[in-house]
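Working notes, beginning with the structure itself.
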Amino acid sequence: MKFKKGDKVQFIREGSLIDGVVMGSDNINHEIIYKVGLNGLKNSVVYFNEGALISPAPLPIIPQFIADAIEVFREKEYDLAVAIDYEACTDECVRDMSLDSKVRGWLWETSNQELFARAWLDGYEVEKEPLYYVRFILGNSVSYLNLRWVDKGLILNSCGQDDIYKTKFTEKEIKNMNINYWAFRVPVQEVSE
């Protein structure tokens with residue numbers, strides 16, 4: 001079986017490429033028939049054999065700061081040619097649009113320009129940012145920075161995150177609290193809770 005329940009698929013209907021989601025399948029006379037729900041159309045279901053369905057091309061994966069930049073450029077009604085021109089993306093432009101200063105350097109790379117264009121035209125997925133703990137004392141299990149969700153108060157405690165305390169942070173979150181905390185970061189994968 002090529003597709004499973006929940007897989008995104010595409011098919012051609014009346015000359016147009018249509019997106020759908022596999023809702024189930026049956027084996028009828030040694031042929032797999034898929035039940036496909038149509039995206040955006042409530043209670044609309046079609047049935048296809050395996051040969052009529054294709055997997056959509058994967059969306060490009062881009063950093064969060066580039067996703068933010070694309071949204072700002074679209075909000076300002078820039079077109080792709082202007083948005084992708086890293087030379088036009090001056091420091092002043094970056095400040096005026098509240099963009100991350102890394103945008104210009106990222107767009108300087110030719111392969112990133114192609115990725116930016118694909119993301120602009122086809123949509124994108126945002127790269128998962130690495131998460132870090134902030135550990136101030138090595139070998140001490142209660143030396144991790146904890147941020148209280150309710151009032152944003154900071155304490156030192158264990159690295160376990162729960163409904164009361166946040167203990168996993170992105171680079172931006174850490175630097176926004178105190179740039180000096182960045183020196184005490186530990187990737188989440190390296191610590192067993």
Side-chain angles (χ1 to χ4, degrees), residues 4 6-8 21 56-76 78 80 82-193:
K4 61 185 181 311
D7 283 352
K8 293 180 182 180
V21 176
L59 294 175
I61 299 171
I62 59 174
Q64 181 65 55
F65 68 92
I66 294 299
D68 294 342
I70 287 174
E71 296 311 312
V72 168
F73 288 134
R74 285 192 171 143
E75 203 174 274
K76 303 254 184 221
Y78 284 37
L80 174 58
V82 173
I84 206 166
D85 185 358
Y86 68 90
E87 289 179 350
C89 199
T90 63
D91 292 338
E92 184 179 316
C93 169
V94 168
R95 268 193 315 278
D96 289 348
M97 291 194 286
S98 300
L99 298 176
D100 190 305
S101 59
K102 296 185 276 189
V103 170
R104 186 174 185 187
W106 191 88
L107 282 172
W108 189 77
E109 300 266 340
T110 304
S111 62
N112 287 342
Q113 292 171 10
E114 293 168 11
L115 187 61
F116 186 92
R118 286 274 48 98
W120 183 281
L121 296 169
D122 301 334
Y124 53 84
E125 291 183 20
V126 176
E127 176 179 85
K128 289 196 185 276
E129 287 189 71
L131 294 175
Y132 303 93
Y133 296 114
V134 177
R135 181 175 58 194
F136 291 107
I137 305 166
L138 289 174
N140 186 332
S141 65
V142 292
S143 65
Y144 293 89
L145 185 65
N146 283 231
L147 174 74
R148 212 172 13 253
W149 291 104
V150 177
D151 62 4
K152 307 296 183 214
L154 297 172
I155 67 165
L156 292 183
N157 205 339
S158 70
C159 63
Q161 186 161 295
D162 57 25
D163 294 341
I164 300 170
Y165 292 103
K166 175 181 172 106
T167 60
K168 300 172 185 174
F169 306 98
T170 64
E171 175 180 354
K172 186 176 182 178
E173 290 171 328
I174 293 170
K175 289 180 175 177
N176 282 344
M177 284 186 276
N178 183 326
I179 197 152
N180 296 318
Y181 290 174
W182 185 240
F184 298 97
R185 75 190 179 278
V186 179
V188 167
Q189 309 87 292
E190 292 182 13
V191 176
S192 57
E193 293 184 32

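- Within the 4.5 Å cutoff, no side-chain heavy atoms of V21 are placed close to those of D7.
- Side-chain contact between I70 and Y124 is present, with at least one heavy-atom pair separated by less than 4.5 Å.
- Residues forming a ring-ring contact (aromatic ring centres under 6.0 Å, His included) with W149 (at least two apart in sequence, or on another chain): none.
- Between Y132 and V186 the shortest side-chain heavy-atom distance does not fall below 4.5 Å.
- A 4.5 Å side-chain heavy-atom check between K166 and N146 finds every atom pair outside the cut-off.
- With sequence neighbours left out, the side chain to side chain contact (heavy atoms under 4.5 Å, CB included) criterion links P56 to K8, Q10.
- With sequence neighbours excluded, no residue satisfies side-chain hydrogen bond (donor to acceptor under 3.5 Å, both in side chains) with D162.
- Checked against ring-ring contact (aromatic ring centres under 6.0 Å, His included), F184 has the following partners two or more places apart in sequence or in another chain: F136.
- No donor-acceptor distance shorter than 3.5 angstrom exists from the side chain of E114 to the backbone of S111, with no hydrogens or angles considered.
- The side chain to side chain contact (heavy atoms under 4.5 Å, CB included) check on I61 picks up E125, E127, with sequence neighbours excluded.
- I66 and W106 make their closest contact through CD1-CE3, 3.3 Å (heavy atoms, listed as atom of the first residue, atom of the second, distance).
- At a threshold of 4.5 Å between non-hydrogen side-chain atoms, the residues I174 and V134 count as touching.
- F73 is not listed as a side-chain neighbour of V82, based on a closest heavy-atom distance of 4.5 Å or more.
- Across R74 and A119, no two heavy atoms sit closer than the pair NH2-O, 4.3 Å.
- For the atom pair CD of E173 and OH of Y181, the computed distance is 14.0 Å after rounding to the nearest 0.5 Å.
- For residues 179-189, the set of pairs meeting the salt bridge (Lys or Arg N to Asp or Glu O under 4.0 Å) definition, not counting sequence neighbours, is empty.
- Interatomic distance, CD1 of I84 versus CZ of F116, reported as 6.0 Å (0.5 Å rounding).
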Please determine whether salt bridge (Lys or Arg N to Asp or Glu O under 4.0 Å) holds for the pair K175 and E171, giving the CA-CA distance in whole Å, both sets of side-chain angles, and the decisive distance to 0.1 Å. CA-CA 6 Å; K175 289 180 175 177; E171 175 180 354; 2.7 Å; yes
